[in-house]
Amino acid sequence: MSCRDVIAVLAAFVDGVMPAPMAAELERHLEGCEPCHAYLATYRKTRALGAAAARIDMPGEMRARLRRFLAQRLRTA
Ligand SMILES: [Zn+2]
């Protein structure tokens, strides 16, 4: 599995909807690949932030701004 593959299927991995054999292969890759490991940590943190923000009742404008902000952070991470 290449770094590109890992990033392509990371969302399914984090959501726990990935087939076990594939998840095991992904974990093997993460153990030996520092950049992917860091990417996963950033992804999890951003997802947690997004989930927390979704629970807060905020005006639509602010929500849209936050979503743009998070998307930008993900791109530059
Ligand atoms: Zn990698």
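Nothing fancy with the numbering, it's 1 onward along the sequence. Whatever order the structure lists them in is the order used to number ligands and atoms, beginning at 1. Because only heavy atoms are used, hydrogens play no part in the values below, and waters and symmetry mates are left out as well, while side chains stay in. All values reported here derive from a predicted model rather than from experimental measurement.
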Note to self: Let's go through Phe13 and Leu30 carefully: what are the C-alpha distance in whole Å and the side-chain angles of both, what is the deciding distance for side chain to side chain contact (heavy atoms under 4.5 Å, CB included) to 0.1 Å, and is it a yes or a no?
What the structure shows: CA-CA 12 Å; Phe13 178 71; Leu30 286 172; 4.2 Å; yes
Checklist line | CA sep, side-chain torsions, deciding dist, call: Arg28, Met1, side chain to side chain contact (heavy atoms under 4.5 Å, CB included) | finding: CA-CA 9 Å; Arg28 255 200 313 279; Met1 188 179 267; over 6 Å; no
Check: Yes or no on side chain to side chain contact (heavy atoms under 4.5 Å, CB included) for Leu40 and Val14, after CA distance, side-chain angles and deciding distance?
Finding: CA-CA 8 Å; Leu40 174 66; Val14 170; 3.7 Å; yes
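Looking at His29 and the Zn ion (ligand 1) together, the shortest N, O or S contact belongs to NE2.
Closest non-hydrogen pair, His29 versus Cys3, comes out as NE2-SG, 3.6 Å.
For residue His37, no N/O/S atom approaches the Zn ion (ligand 1) to within less than 2.8 Å.
The Zn ion (ligand 1) forms the vertex of an angle spanning SG of Cys36 and SG of Cys33; to the nearest 10 degrees it equals 110°.
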